Undergrad: 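I'd like to ask you about the structure that follows.
What you see below is based on every heavy atom in this structure, not just the backbone, and it leaves out hydrogens, waters and symmetry mates. Sequence positions, counted from 1, serve as the residue numbers for this chain. Values in this document were obtained by computation on a predicted structure and should not be read as measured data.
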Amino acid sequence: MAEALVVRGGWDGHRPVEATELFLPFLKQHGFGITVHDSPEIYADPAVMSETDLIVQCVTMSSIGPEALAGLRAAVAAGTGFTGWHGGIADSFRASSDYLQLVGGQFATHPGKEPTCRAGDETDNFLTHTVEITELGRDHPITAGLTDFTLTTEQYWVLHDDLVDVLATTTHPVQPWHPWHRPITSPAIWTRRWGAGRIVVTTPGHSLDVLRNASVRTVIERGMLWASRTASAS
């Protein structure tokens with residue numbers, strides 16, 4: 001049986017418990033045994049990590065100890081898959097450059113609405129935007145058959161390197177209330193090979209309704225299967 005480790009916690013605004021619970025039935029249906037931990041410090045346990053085929057992480061911000069981070073990096077390099085969505089993977093452990101190098105992309109901001117339209121709550125950063133499948137994404141097992149899709153939620157601006165394989169992008173337009181002078185395209189869905197391991201990052205996923213979106217959920221679920229150590233060599 002394949003083994004999945006679900007690690008959740010950090011900032012409560014991303015509903016880490018409820019969000020990860022959405023995907024546990026899918027993992028069970030695909031033959032995974034599931035262990036859930038509320039702290040990334042489990043990554044420091046070499047016995048657990050050596051038996052883990054897939055890590056699903058939903059830990060926004062927070063911190064990670066050096067032994068746990070070293071354990072995570074070693075496990076992924078040895079073949080453990082690593083995946084997650086939104087801030088639970090792309091905005092985790094901000095103080096750790098080694099974590100950023102592992103994942104390959106880091107949340108920088110989510111631009112907001114025109115200032116006079118803001119209500120003073122999280123919806124100030126909910127923008128209608130399109131997630132566009134790249135040429136690579138059209139043939140990749142995670143995104144094959146999907147078309148571009150539109151969401152009204154946070155639109156992540158991501159800082160990244162060129163070791164990521166980008167399956168979908170999103171573009172931040174120029175607006176008079178923002179200081180940038182040309183449209184900025186960020187990766188919205190990407191994969192990364194790290195040693196023998198596979199990493200999948202899906203940036204949409206701020207709230208449960210976004211995670212239930214058919215396209216977003218398809219990407220996350222396919223990404224789990226693709227990233228797992230037990231995946232075929234696709």
Undergrad: Indicate yes or no for a side-chain donor-acceptor contact from H178 to the backbone of V174 under 3.5 Å, with no hydrogens or angles considered.
TA: no

Undergrad: Mind listing the closest non-hydrogen atom pair of A231 and L225 along with its distance?
TA: CB-O, 3.2 Å

Undergrad: For residues 158-169, which residue pairs qualify under side chain to side chain donor-acceptor pair (under 3.5 Å), counting only residues two or more places apart or in two chains?
TA: D161-R192

Undergrad: State, to 0.1 Å, how close D12 and P16 come at their nearest heavy-atom pair, and which atoms those are.
TA: O-CD, 3.9 Å

Undergrad: For P173, is there any backbone N or O sitting under 3.5 Å from a side-chain donor or acceptor partner on W180?
TA: yes

Undergrad: Find out whether the Lys NZ or Arg CZ of R94 is both under 6.0 angstrom from the six-membered ring centre of F107 and within 45° of the ring's axis.
TA: no

Undergrad: Specify the closest pair of heavy atoms between L54 and A227, including all atoms of both residues, with the distance to one decimal.
TA: CD1-CB, 4.0 Å

Undergrad: Does the side chain of T128 pick up a donor-acceptor pair with the side chain of T152 at under 3.5 Å?
TA: yes

Undergrad: Taking R229 for the side chain and A196 for the main chain, is one N or O donor matched with an acceptor at less than 3.5 Å?
TA: no

Undergrad: Could you list all the side chain to side chain donor-acceptor pair (under 3.5 Å) pairs where at least one residue sits in residues 39-51, not counting sequence neighbours?
TA: Y43-Q57

Undergrad: If I compare all heavy atoms of V158 with all of T203, which pair ends up nearest, and what's the gap?
TA: CG2-CG2, 4.1 Å

Undergrad: One pair to check against side chain to side chain contact (heavy atoms under 4.5 Å, CB included): T153 and H129. What are the steps and the verdict?
TA: CA-CA 8 Å; T153 185; H129 61 279; 3.9 Å; yes

Undergrad: Spell out, as yes or no, whether a donor-acceptor pair under 3.5 Å connects the side chain of T143 to the backbone of G137.
TA: yes

Undergrad: Can a side-chain donor-acceptor contact be found between T60 and H14 if the only test is distance below 3.5 angstrom?
TA: yes

Undergrad: Using the rule given for side chain to side chain contact (heavy atoms under 4.5 Å, CB included), can you reason through H110 versus L127, listing the C-alpha separation, both sets of side-chain angles and the distance that settles it, and then say yes or no?
TA: CA-CA 9 Å; H110 35 56; L127 301 178; over 6 Å; no

